[in-house]
S.K.: 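Pasting a structure here, questions to come.
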Protein chains: 2
Amino acid sequence: MRSKTQTDGAARIGIHKVASHARVSIATVSRTINHVPTVNPVLAARVWKSVAELNYVPNTQARALVSGKSKLFGLIISEITNPFFPELIQEFERAAVARGYEILIGSTNYEPEKMELCARRMLERNVDGVAIMTFGFEESLLDRFAGEDIPVVFIDVTPRHPRSSNLQVDYRAGIYEGVQHLAVLGHRKIGFISGPLRLGSAETRKLAFLDCLRCAGIKPQSAWLVEGDHTLDGGRDAMQRILQLPEWPTAIMCSNDMTAIGVQHALFEADLKVPADFSLIGFDDIHLAEYTIPPLTTVRMSCKDLAQGAVTSLLANMESTQSRFETRSKINTRLIVRQTTGLPKMSSAI
Amino acid sequence: MRSKTQTDGAARIGIHKVASHARVSIATVSRTINHVPTVNPVLAARVWKSVAELNYVPNTQARALVSGKSKLFGLIISEITNPFFPELIQEFERAAVARGYEILIGSTNYEPEKMELCARRMLERNVDGVAIMTFGFEESLLDRFAGEDIPVVFIDVTPRHPRSSNLQVDYRAGIYEGVQHLAVLGHRKIGFISGPLRLGSAETRKLAFLDCLRCAGIKPQSAWLVEGDHTLDGGRDAMQRILQLPEWPTAIMCSNDMTAIGVQHALFEADLKVPADFSLIGFDDIHLAEYTIPPLTTVRMSCKDLAQGAVTSLLANMESTQSRFETRSKINTRLIVRQTTGLPKMSSAI
DNA sequence: TCCTGGATGGTAAACGTTTTCCAAACTATG
DNA sequence: CATAGTTTGGAAAACGTTTACCATCCAGGA
């Protein structure tokens, strides 16, 4: 109970005060601000006037408590420090806020225990849905949400759970364009720096690359397939490892743009030039890709489509009373040619 | 009211069920999970066991409603797309979550109306405190929060409001080091690309630069003081404007790193070399600064200090019963020399 | 043995909404 | 003019907690 008369300066005003100020009942105020059509326009006007005068702001927690809907979406990402995710967050937030939802962000930093913590945080706050945009997959996590009947949306993975949907990214199309582009330029020795392979999507990208290579009639060299971790440092380290190999590829494709930027840096340190010594292709097309030196040729994956797709399927899954499976939508990718690709270096050309 | 028996698979279990499962009263459960010391250890053990078995998760909204504390901090930033802010968010989140707080992010994108919207969102969610890390200042915003007696923390600006504190960044120290560094190399013609000047902090940085220039005995040239907007595009455009000038500076300082990366790009497009043709210094020292080509010399401002300082003073301000003013703390800056600075170009040297 | 007091558990009110159900008032029809 | 039907407003319950207050129980002192 609150002590005495609550001497705090501005005790938060509630629907109650608005009602008495507008000389109507509490119910009328509630109906007015929720736009129930049957309210008498005269009373409604009085209510809105009082709302404005008293600077009334509805208390979302009380609302959530009674309605059972928190109007909150969880957004779980890998790493907020990778510019791809802020771009994704921005679009996700835009889509969510437009529909009256707030968003709760959790970054896993690729650590399973942080993932668990994120899930718990979201459960406590009673999120109405969760978008797992981490390009990886934690079975345990999913169970928690499924147990509470909370809609979940994933990228790539197709879990067999109620109220979950997934966004299918067509990695192959963009990667195929990239490989073709390199092949046309004359490259036959193409390396690939993947993301952390325990991430399902990273594996998928690598497999798509391998497949595209085969389509182009190129035999993949396992030494040129190195695992990175989708960070700047990881890209740099991976490239340094490649540079220690007895034979070098003439072109490198990367699992994301941050990796590619790391590669550019490793090449800079080794006094090698892009695209003269190495051609380079990234993935994601973050805004920064246009600003690297030289500007990065990369495969664009629209994070706007991703974000909007996620919000849309979350919403759809909430509305449907019955638990349904697999609301799939496809996300396209395509090559954006800039200046990190060119003819292969003579000494290494076929 | 809920319909009939709520046929939803797993109706959220509450403290009530835990109580009956552990054969104690709900009060005992509440006290146990809130670690009230007077609970009989035997009962406490039973409670914890039930909590684990039933997978009970407390409902934060109900908690918030009765306690009046939402355990939620608002974090208002300019633009999530600028990598400085994700780094800040990461630190802020870390500090907040460690203390049991959740964070609500709002980006203003420099638009006043979005600022207003953010404030309203935070008010609705009943945040316990707001960190305005937007390096700008909106009087109206502040009033809203002050009216509800919500603690606020700012950067730089020193508003005269109850329950607000501010973090004072010592821009001058780092900028001074930067100017000295350039002066020692022989630069006398130094330009500055500022942030949007209606942002208080951007103005402050520019003033600090001007002051440092004077200390180094250099007369500022107003043509070389151009306004950017703290984005990549803004930096590029600003540099392009400078390149159209009849006389060029030999070095450029930027109000943030994104601007500097934009400048590098403009220079690349104009086939000018850094640092051969222009020396360049950024500000912030985002992680990416180490990875530009060539790596960017920049002034480091610790966003960890910033974030932790913000959380700490928010917390301090909440605990103090009386409204108090000005919990100041100082944030240091210092120059990190990398490879974008060198001797001035001969033709322009003094 | 009885009473007092300290510990500890239980009951119920309160937080600020939404929403169901009912009552009242008005409209239209016979 | 009366009655049925249709709006529209109001009272009260419910959401899941915390916590003030009260009841109970046990130990120790008189």
Side-chain angles (χ1 to χ4, degrees), chain A residues 1-6 8 10-47 51 54 56-71 100 123-126 128 148, chain B residues 1-6 8 10-47 51 54 56-71 100 123-126 128 148:
Chain A
M1 324 288 118
R2 24 171 65 212
S3 61
K4 307 291 153 52
T5 345
Q6 188 79 349
D8 295 3
R12 191 64 172 270
I13 58 114
I15 201 176
H16 202 80
K17 301 249 190 203
V18 178
S20 60
H21 185 273
R23 304 188 313 282
V24 295
S25 79
I26 297 180
T28 304
V29 176
S30 174
R31 280 195 284 252
T32 304
I33 62 182
N34 289 304
H35 302 106
V36 174
T38 64
V39 179
N40 184 328
V42 177
L43 295 197
R46 282 225 301 274
V47 170
V51 165
L54 298 174
Y56 167 73
V57 177
N59 180 329
T60 316
Q61 2 228 32
R63 240 175 215 211
L65 188 56
V66 58
S67 70
K69 299 275 143 221
S70 63
K71 291 286 201 169
L123 247 22
E124 283 190 1
R125 294 279 167 185
N126 236 328
D128 289 341
E148 305 279 1
Chain B
M1 326 285 114
R2 24 171 64 211
S3 61
K4 306 291 153 52
T5 345
Q6 187 80 349
D8 293 5
R12 189 66 173 271
I13 59 113
I15 201 176
H16 203 81
K17 299 248 190 200
V18 177
S20 61
H21 185 273
R23 304 188 314 280
V24 296
S25 79
I26 55 175
T28 304
V29 177
S30 174
R31 280 194 285 252
T32 304
I33 61 182
N34 289 305
H35 301 104
V36 174
T38 64
V39 179
N40 184 327
V42 177
L43 295 197
R46 282 222 304 273
V47 170
V51 166
L54 297 175
Y56 167 73
V57 176
N59 180 329
T60 315
Q61 2 229 30
R63 245 176 211 208
L65 187 56
V66 58
S67 71
K69 299 275 142 223
S70 62
K71 290 287 201 169
L123 249 20
E124 283 190 1
R125 293 279 168 185
N126 237 329
D128 289 340
E148 304 279 0

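Note on naming: letters A, B, ... go to the chains in the order of the sequence lines (proteins, then strands), and numbering restarts at 1 for each one. What you see is a predicted model; the values in this text were computed from it and never measured. FYI, side chains are in, hydrogens and waters are out, and symmetry mates aren't considered; it's all heavy atoms of this structure.
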S.K.: Whole angstrom is fine here: how far is it from CD in A:E124 over to P in D:dT17?
M.R.: 11 Å
S.K.: Over how many whole Å does the gap from B:R23 atom CZ to C:dT8 atom P extend?
M.R.: 20 Å
S.K.: Between A:I15 (CD1) and D:dA12 (C1'), how many Å, whole number?
M.R.: 14 Å
S.K.: Does A:N40 put a side-chain nitrogen or oxygen below 4.0 Å from OP1 or OP2 of D:dT7?
M.R.: no
S.K.: If you round to the nearest 0.5 Å, how far is NE2 of A:H16 from NE2 of A:H21?
M.R.: 14.0 Å
S.K.: Look at the side chain of B:T38 and decide which nucleotide, out of C:dT8, D:dT17, C:dG16, has an atom nearest to it.
M.R.: C:dT8
S.K.: If I take atom NZ in residue B:K71 and atom P in nucleotide D:dT17, what distance separates them, rounded to the nearest angstrom?
M.R.: 16 Å
S.K.: Quick check: does any side chain N or O of A:R31 sit under 3.5 Å from a backbone N or O of A:T38, one acting as donor and the other as acceptor?
M.R.: no
S.K.: So, for B:S70 and A:R125, which heavy atoms are closest and what is the spacing to 0.1 Å?
M.R.: O-NH1, 2.9 Å
S.K.: Regarding D:dG9, can its base be found pairing with the side chain of A:R31 as donor and acceptor, where the two atoms are less than 3.5 Å apart?
M.R.: yes
S.K.: Return the value, rounded to whole Å, for the distance between atom NE2 of A:H16 and atom P of C:dA14.
M.R.: 12 Å
S.K.: Check the distance between D:dC15's C1' and B:Q61's CD and give it to me in whole angstrom.
M.R.: 10 Å
S.K.: Kindly say if B:S30 contacts the phosphate of D:dT18, meaning a side-chain N or O under 4.0 Å from OP1 or OP2.
M.R.: yes
S.K.: Just the rounded figure in Å: distance from P of D:dT19 to CD1 of B:I26.
M.R.: 13 Å
S.K.: From the list D:dC15, C:dT17, D:dT18, which nucleotide is the closest neighbour of the side chain of A:N59?
M.R.: C:dT17
S.K.: Kindly compute the distance separating CG (A:L65) from CG (B:L65), expressed to the nearest 0.5 Å.
M.R.: 6.0 Å
S.K.: Determine whether a donor-acceptor pair (N or O, by modelled atom type, separation under 3.5 Å) exists between the side chain of B:N34 and the backbone of B:V36.
M.R.: no
S.K.: Short question: side chain of A:T32, backbone of A:T28 - any donor-acceptor pair under 3.5 Å?
M.R.: yes
S.K.: Does a nitrogen or oxygen in the side chain of A:Y56 sit under 4.0 Å from OP1 or OP2 of C:dT17?
M.R.: yes
S.K.: Which of these nucleotides, D:dG16, D:dG10, C:dG10, is closest to any side-chain atom of A:A27?
M.R.: D:dG10
S.K.: Among C:dG9, C:dT17, C:dG10, find the nucleotide with the atom closest to the side chain of B:V24.
M.R.: C:dG10
S.K.: More 5' along DNA chain C: B:L43 or B:V66, using each one's nearest nucleotide?
M.R.: B:L43
S.K.: State whether the side chain of A:S67 and the backbone N or O of A:R63 hold a donor-acceptor pair below 3.5 Å, judged by distance alone.
M.R.: yes
S.K.: Need the bend value for the helix from C:dT1-D:dA30 to C:dG30-D:dC1: angle between end axes, 5 pairs each end, nearest 10°.
M.R.: 60°
S.K.: State whether B:T28 places a side-chain N or O below 4.0 Å from either non-bridging phosphate oxygen (OP1 or OP2) of C:dG10.
M.R.: yes
S.K.: Using whole Å, report how far CG of B:N34 lies from P of D:dG16.
M.R.: 17 Å
S.K.: Quick one: is B:T60 getting a side-chain N or O under 4.0 Å of the D:dT17 phosphate, OP1 or OP2?
M.R.: no
S.K.: Looking only at the side chain of B:S25 (C-beta and beyond, no hydrogens), which of the listed nucleotides C:dG9, C:dT18, D:dT18 gets closest?
M.R.: C:dG9
S.K.: The test is side-chain contact (heavy atoms from CB on, under 4.5 Å); show your working for A:N59 and B:N126 and say whether it passes.
M.R.: CA-CA 7 Å; A:N59 180 329; B:N126 237 329; 3.3 Å; yes
